[in-house]
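Worksheet: the structure to be examined is printed underneath.
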There are 2 protein chains.
Amino acid sequence: MMSRTADDDMTKGTGSYEQLKLGNQLCFPLYAVSREIIKKYRPILRKIDLTYTQYLVMMVLWEEDTVNVKKLGEMLFLDSGTLSPVLKSLETKGLVSRSRSDEDERILLISLTDRGCALREKAKDIPFEISKCVELSPEETYELGTILRKLLKQTR
Amino acid sequence: MMSRTADDDMTKGTGSYEQLKLGNQLCFPLYAVSREIIKKYRPILRKIDLTYTQYLVMMVLWEEDTVNVKKLGEMLFLDSGTLSPVLKSLETKGLVSRSRSDEDERILLISLTDRGCALREKAKDIPFEISKCVELSPEETYELGTILRKLLKQTR
DNA sequence: CCAAATTCAATTGTGCCCAATTAAATTATA
DNA sequence: TATAATTTAATTGGGCACAATTGAATTTGG
């Protein structure tokens, strides 16, 4: 008996566990792809001595020039427990400066230094280098971006 | 056509940095969504005293019953540096057992204990609970899964 | 058979991530 | 205006992730 595979019986036995599989849950490939792509960034980012998280912070600063930690956290979906040490590390490298707001001393303002600003030029081609590692059609790229942004919005 | 903003000018000034923005790179939302969804798992998994990584390992074992560390790493895209402590932790909880293969003593076999097997019943409804937090249409779910699996395949 | 290469897991060190707590500063309220 | 509530970062501790190294066991080539 029991020649059916465990995979396709939803009526009894192991069938009730059908959804409890790696292949039937979106979160696992999401998680794995995310890590795999960050892995592709690593050798490229090492050339400018940045980790992926540090690179995310720098991208914000290249657009905003000055932001506080709270705003940065909201933009990157990261909290102070993650950002505090990352920002100290960027300060140690001389890429950002940290200073308290005059109006509200609880607020820590993060600004680009000249060196941090100059790094933008060196980072310029990174998105192109990464895009070479990821083979998706323009349609797939657009579709993926749309769905991910939709999911991200749901977490707010 | 002359009403374009600084954001889409590829011809001068900051234009050459256009791709170097959070909004124009897929990796960032991928990374953020992955973390946000894992965050949704946390309170649910806490009820059965598992972390997300431990849950992934258990899902493999509920299907395979016995696997070695190398195979597990290939399935989950994780290396021994991550898995070794996770597996020890699962052993401490009494959910898995670790034993060397008789034929090749380099190989560590991970097996479900009775308690680990029984946990499956408690975990049964987790995929359903998570799906309630994620609002995607069936089409979007299918599309996302297809694209993620394609990307995952490219890393091999 | 034996040395070299390979395979597999464990260890070590660095860097996130996050929950929970703390501490400092500001704002709102009785 | 005291004081209670809120806001904002920093700190702490636990658990991954991963690169690099190590060491043990097996396989392979001469």
Side-chain angles (χ1 to χ4, degrees), chain A residues 27-28 31-46 49-58 67-93 96 98-110 155, chain B residues 27-28 31-46 49-58 67-93 96 98-110 155:
Chain A
C27 188
F28 169 64
Y31 168 65
V33 168
S34 168
R35 282 183 294 108
E36 289 298 319
I37 294 189
I38 289 173
K39 210 176 288 185
K40 290 185 186 301
Y41 272 94
R42 237 180 295 271
I44 296 172
L45 288 174
R46 191 162 44 225
D49 190 30
L50 289 182
T51 64
Y52 184 68
T53 311
Q54 291 166 5
Y55 172 65
L56 292 181
V57 171
M58 294 305 292
V67 286
N68 64 54
V69 177
K70 181 181 168 59
K71 173 98 181 289
L72 197 53
E74 284 168 359
M75 294 177 78
L76 300 179
F77 293 78
L78 294 171
D79 74 2
S80 66
T82 302
L83 288 175
S84 283
V86 169
L87 294 171
K88 278 183 189 168
S89 160
L90 289 174
E91 185 185 44
T92 301
K93 293 186 213 277
V96 312
R98 304 177 336 126
S99 63
R100 294 286 166 179
S101 161
D102 288 338
E103 304 92 50
D104 187 340
E105 295 202 0
R106 291 168 303 182
I107 296 176
L108 182 67
L109 296 172
I110 309 297
T155 70
Chain B
C27 188
F28 168 64
Y31 169 64
V33 168
S34 168
R35 283 183 293 107
E36 289 298 320
I37 294 190
I38 289 172
K39 208 176 289 184
K40 291 185 186 301
Y41 273 94
R42 236 182 296 271
I44 296 172
L45 288 174
R46 190 163 44 225
D49 190 30
L50 289 182
T51 64
Y52 184 68
T53 312
Q54 291 166 4
Y55 172 64
L56 293 181
V57 171
M58 293 305 291
V67 286
N68 64 52
V69 177
K70 181 179 168 62
K71 173 99 181 290
L72 197 53
E74 284 169 358
M75 294 177 77
L76 299 180
F77 293 79
L78 293 170
D79 73 2
S80 67
T82 300
L83 287 175
S84 282
V86 169
L87 295 171
K88 278 183 188 168
S89 160
L90 288 174
E91 185 185 43
T92 301
K93 293 185 214 277
V96 312
R98 304 174 339 123
S99 63
R100 296 283 167 183
S101 161
D102 288 338
E103 302 93 52
D104 185 340
E105 296 202 0
R106 292 168 303 180
I107 297 176
L108 182 68
L109 296 172
I110 310 296
T155 70

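Chain letters run A, B, ... following the sequence lines, proteins first and then strands; every chain starts at 1.
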For this session: May I ask you to verify whether the side chain of B:Ser80 and the base of C:dA10 hold a donor-acceptor pair under 3.5 Å?
Result: yes
For this session: Would you tell me if any nitrogen or oxygen in the side chain of B:Lys88 comes within less than 4.0 Å of OP1 or OP2 on C:dA9?
Result: no
For this session: Would you indicate, yes or no, if D:dG15 has its OP1 or OP2 atom less than 4.0 angstrom from a side-chain nitrogen or oxygen of B:Thr51?
Result: no
For this session: Please check the phosphate of C:dC16 (OP1 and OP2 only) for any side-chain N or O of A:Gln54 closer than 4.0 Å.
Result: yes
For this session: For B:Glu36, answer base if it contacts any base atom (sugar-phosphate contacts may also be present), sugar-phosphate if it contacts only those atoms, and nothing otherwise; contact means non-hydrogen atoms under 4.0 Å.
Result: nothing
Exercise. Between A:Ile38 (CD1) and D:dC16 (P), how many Å, whole number?
Worked result: 18 Å
For this session: Let me see the working for B:Leu76 and A:Phe28 under side-chain contact (heavy atoms from CB on, under 4.5 Å), right down to the final yes or no.
Result: CA-CA 8 Å; B:Leu76 299 180; A:Phe28 169 64; 4.0 Å; yes
For this session: Look at all strands and tell whether B:Glu103 reaches a base, only sugar-phosphate, or nothing, counting heavy atoms closer than 4.0 Å.
Result: sugar-phosphate
For this session: Please work out whether the ring planes of B:Tyr41 and B:Tyr55 are parallel, tilted or perpendicular, with thresholds of 30° and 60°.
Result: tilted
Problem set entry | B:Glu105 side chain, from C-beta outward: closest of C:dC16, D:dA25, D:dT11 | D:dA25
Seminar exercise, completed: Taking C:dA10, D:dA19, D:dT11 as options, the one with an atom nearest any side-chain atom of A:Arg42 is D:dA19
Problem set entry | Spacing between A:Leu109 atom CG and D:dT8 atom P, to the nearest angstrom | 12 Å
Problem set entry | Closest non-hydrogen atom pair, B:Leu45 against B:Tyr52 | CD1-CA, 3.7 Å
For this session: Please examine the side chains of A:Asp49 and A:Gln54, heavy atoms only from C-beta on, and report whether any two atoms are closer than 4.5 Å.
Result: no
Exercise. With sugar-phosphate meaning primed atoms plus P, OP1 and OP2, does A:Thr82 contact a base, only sugar-phosphate, or nothing at under 4.0 Å between heavy atoms?
Worked result: base
Seminar exercise, completed: B:Ser34 and A:Tyr31 have their tightest heavy-atom pair at OG-CA, 3.4 Å
Exercise. When you look at A:Leu109 and A:Arg98, which way does the side-chain contact (heavy atoms from CB on, under 4.5 Å) test go after all the steps?
Worked result: CA-CA 6 Å; A:Leu109 296 172; A:Arg98 304 177 336 126; over 6 Å; no
Exercise. Which stems, defined as runs of 3 or more consecutive Watson-Crick or G-U wobble pairs with both pairing distances under 3.5 Å, involve DNA chain C?
Worked result: C:1-30 with D:1-30
For this session: With a 4.0 Å heavy-atom cut-off, tell me which residues in residues 67-74 of chain A come close to DNA chain D, sorted by residue number.
Result: A:Asn68, A:Val69, A:Lys70
Exercise. Under the salt bridge (Lys or Arg N to Asp or Glu O under 4.0 Å) criterion, do B:Glu74 and B:Lys71 qualify, and how do the steps go?
Worked result: CA-CA 5 Å; B:Glu74 284 169 358; B:Lys71 173 99 181 290; over 6 Å; no
Problem set entry | Side-chain N or O of A:Thr53 closer than 4.0 Å to phosphate OP1/OP2 of C:dG15 | no
Problem set entry | Sugar-phosphate only, base, or nothing, as touched by A:Leu78 at under 4.0 Å among non-hydrogen atoms | sugar-phosphate
Problem set entry | d(CG, A:Leu56; C1', C:dG15) in whole Å | 14 Å
Exercise. Between A:Arg100 (side chain) and A:Arg106 (backbone), is there a donor-acceptor pair under 3.5 Å?
Worked result: yes
Exercise. Any donor and acceptor pair, going by atom type alone, linking the side chain of B:Ser89 with main-chain N or O of B:Pro85 inside 3.5 Å?
Worked result: no
For this session: Side chain of B:Arg98 only, please: which of C:dA10, C:dA9, D:dA10 is the nearest?
Result: C:dA10
Exercise. When we call it a touch if two heavy atoms are under 4.0 Å apart, what does A:Arg46 touch: a base, just sugar-phosphate, or nothing?
Worked result: nothing
Problem set entry | Gap between atoms CG and P, on B:Asp79 and D:dT21 respectively (whole Å) | 15 Å
Problem set entry | Between C1' of D:dG15 and CG of B:Leu83, the distance in whole Å | 13 Å
For this session: List the atom of B:Leu90, the atom of B:Val57, and the distance in Å for their closest heavy-atom pair.
Result: CD1-CG1, 3.6 Å
Exercise. For D:dG15, does either OP1 or OP2 sit under 4.0 Å from a side-chain N or O belonging to B:Tyr52?
Worked result: no
Exercise. With sugar-phosphate meaning primed atoms plus P, OP1 and OP2, does A:Asp104 contact a base, only sugar-phosphate, or nothing at under 4.0 Å between heavy atoms?
Worked result: sugar-phosphate
Exercise. Taking CG from B:Leu108 and C1' from D:dG23, how many angstroms apart are they, rounded to a whole number?
Worked result: 15 Å
Problem set entry | Residue-phosphate contact under 4.0 Å: B:Arg106 side-chain N/O, D:dT22 OP1/OP2 | no
Exercise. If you measure from the Lys or Arg side-chain nitrogens to the Asp or Glu carboxylate oxygens, is any gap between B:Glu91 and B:Lys88 under 4.0 Å?
Worked result: no
For this session: Using atom CZ of B:Arg100 as one end and atom P of D:dA25 as the other, report the distance to the nearest whole Å.
Result: 9 Å
For this session: Using heavy atoms to find the nearest nucleotide of DNA chain D for A:Leu87 and A:Arg35 separately, return the residue whose nucleotide is more 5′.
Result: A:Leu87
Problem set entry | Nearest-angstrom distance from the residue atom CG of B:Asp102 to P of D:dA25 | 14 Å
